[in-house]
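Working notes, structure below.
What you see below is based on every heavy atom in this structure, not just the backbone, and it leaves out hydrogens, waters and symmetry mates. Naming convention: chains lettered A, B, ... in sequence-line order (proteins, then strands); numbering from 1 in each chain.
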2 protein chains.
Amino acid sequence: MNDSPLDLEARAHSEHAQELRLWLRLLTCSQLIEKRVRAGLREQFDTTLPRFDLMAQLERHPEGLKMKDLSHRLMVTGGNVTGITDQLVNEGLVERLDVDGDRRAFRVALTDLGRTTFAEMARQHEAWIVDAFEGLSPRDLDSLHKLLGKVKAHQLDINQRIEE
Amino acid sequence: MNDSPLDLEARAHSEHAQELRLWLRLLTCSQLIEKRVRAGLREQFDTTLPRFDLMAQLERHPEGLKMKDLSHRLMVTGGNVTGITDQLVNEGLVERLDVDGDRRAFRVALTDLGRTTFAEMARQHEAWIVDAFEGLSPRDLDSLHKLLGKVKAHQLDINQRIEE
DNA sequence: TATTGTTATACTCTATAACTATA
DNA sequence: TATAGTTATAGAGTATAACAATA
């Protein structure tokens with residue numbers, strides 16, 4: 001498969017070099033970890049990250065989530081959620097349940113099989129992630145989390161401005 | 001298009017909650033920024049991130065890069081590089097040049113048009129990135145860069161072990 | 001009229017494997 | 001035999017837009 005280094009960080013060269021370098025490093029880190037997670041999900045569970053993410057959302061909402069909520073939470077458009085949900089329904093991991101008082105919508109929820117399957121995947125997923133941050137002290141983890149919190153807050157801020 | 005928050009961070013709940021939360025936040029941040037960059041490249045330049053990344057590599061190597069080097073640097077397999085390169089060649093942004101002493105290979109390099117086109121894109125790209133990290137002080141930027149440096153080093157470390 | 005969800009379509013990116021041509 | 005690159009294929013993910021059913 002892929003080799004190692006990737007020279008993505010190579011393209012920083014202006015007065016805003018600091019921001020560019022940071023972005024490229026951020027992108028590199030998340031791509032490297034994400035590649036590992038995707039590969040693991042495919043090899044060990046024959047599944048994909050979007051499917052895992054959808055199930056993760058449902059695990060936190062045992063009563064189920066409407067398609068629209070899923071679409072919003074997963075940051076993808078409706079048609080995609082339909083597709084992924086269909087796959088999971090076909091495999092018996094997920095089911096569509098009625099919503100009282102709105103016959104257009106329904107709740108998507110994990111089945112028993114879905115719950116036990118997800119538990120296994122989540123356990124393994126956790127191990128990959130712990131491994132990914134192995135080199136960092138608890139203090140580092142905390143600093144990183146806080147700094148990224150600022151970044152995230154600013155992004156959501158921008159998005160909100162755009163939506164209005 | 002997409003709304004705002006995304007509840008991806010919702011799935012953290014074990015003794016390793018710290019690592020999981022960090023990963024989900026890291027993923028969220030890079031996805032939010034990446035979405036903005038992709039949208040901008042599409043809307044303003046009718047191009048894509050992989051194409052931009054390929055051109056960015058070439059800009060740093062005016063003498064050109066071999067397909068294999070590009071494949072390695074961009075972390076994708078050879079067939080993909082052929083495809084993206086073909087597109088860029090068709091649009092006159094990039095060209096394939098001979099390599100002395102190896103008639104199997106050639107150098108891919110930016111054309112004059114490619115160079116001026118890329119310069120424009122890079123200028124805009126930089127503005128998006130600066131904007132994305134607007135809320136952070138130079139000190140924050142630096143801390144973040146260093147911490148992510150540890151993460152990256154560890155990932156490359158793991159990859160190396162796997163390759164051997 | 002607006003909303004929920006589906007369907008149909010098209011495009012990009014990706015990996016894999018078989019292939020050609022050089023080395 | 002090994003390497004550089006291409007081709008062919010298949011699959012995942014995405015957005016868009018038109019559509020049906022219900023509110």
Whole-Å distance between [N] [atom2] and [X] [atom1]?
| X | N | atom1 | atom2 | value |
| --- | --- | --- | --- | --- |
| A:Asp98 | D:dA21 | CG | P | 17 Å |
| B:Lys66 | C:dT22 | NZ | P | 15 Å |
| B:Arg42 | C:dC13 | CZ | P | 11 Å |
| A:Ile84 | D:dT14 | CD1 | C1' | 10 Å |
| A:Leu97 | C:dG5 | CG | C1' | 16 Å |
| A:His72 | D:dA15 | NE2 | P | 14 Å |
| B:Leu54 | C:dT12 | CG | P | 15 Å |
| B:Lys35 | D:dT14 | NZ | C1' | 8 Å |

query = Taking for each residue the nucleotide of DNA chain D bearing the nearest heavy atom, is the 5' side occupied by A:Pro50 or by A:Gly101?
reply = A:Pro50
query = More 5' along DNA chain D: A:Gln87 or A:Arg103, using each one's nearest nucleotide?
reply = A:Gln87
Choose from [options] the nucleotide whose nearest atom is closest to any side-chain atom of [X].
| X | options | value |
| --- | --- | --- |
| B:Val76 | C:dG5, D:dG5, C:dT14 | C:dT14 |
| B:Asn80 | D:dT14, C:dA15, D:dG13 | C:dA15 |
| B:Asp102 | D:dA21, D:dT6, C:dA23 | C:dA23 |
| B:Thr82 | C:dG5, C:dA23, D:dT6 | D:dT6 |

key: Sidechain-backbone polar pair: B:His125 side chain, B:Glu120 backbone, donor-acceptor under 3.5 Å   =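 No; zero donor-acceptor contacts below 3.5 Å.
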query = Can you name the nearest heavy-atom pair linking A:Leu97 to A:Phe106, along with the distance?
reply =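 That closest heavy-atom pairing would be O-CB, 2.6 Å.
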key: Over all atoms of both residues, closest heavy-atom pair of A:Ser71 and A:Thr77   = OG-C, 3.9 Å
Phosphate oxygens OP1/OP2 of [N]: is one of them under 4.0 Å from a side-chain N or O of [X]?
| X | N | result |
| --- | --- | --- |
| A:Thr77 | D:dA15 | yes |
| A:Lys68 | C:dT6 | no |
| B:Arg96 | D:dT6 | yes |
| A:Thr48 | D:dG13 | yes |

From CA spacing to verdict: ring-ring contact (aromatic ring centres under 6.0 Å, His included), B:Phe52, B:Phe45 = CA-CA 10 Å; B:Phe52 179 81; B:Phe45 301 101; 8.4 Å; no
ask   = Salt bridge between B:Lys66 and B:Asp69, side-chain N to carboxylate O under 4.0 Å?
value =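 A salt bridge is absent here (no side-chain N lies under 4.0 Å from a carboxylate O).
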task = Identify whether any heavy atom of B:Gly83 sits under 4.0 Å from a base atom; if not, whether one sits that close to sugar-phosphate; answer base, sugar-phosphate or nothing.
result = nothing
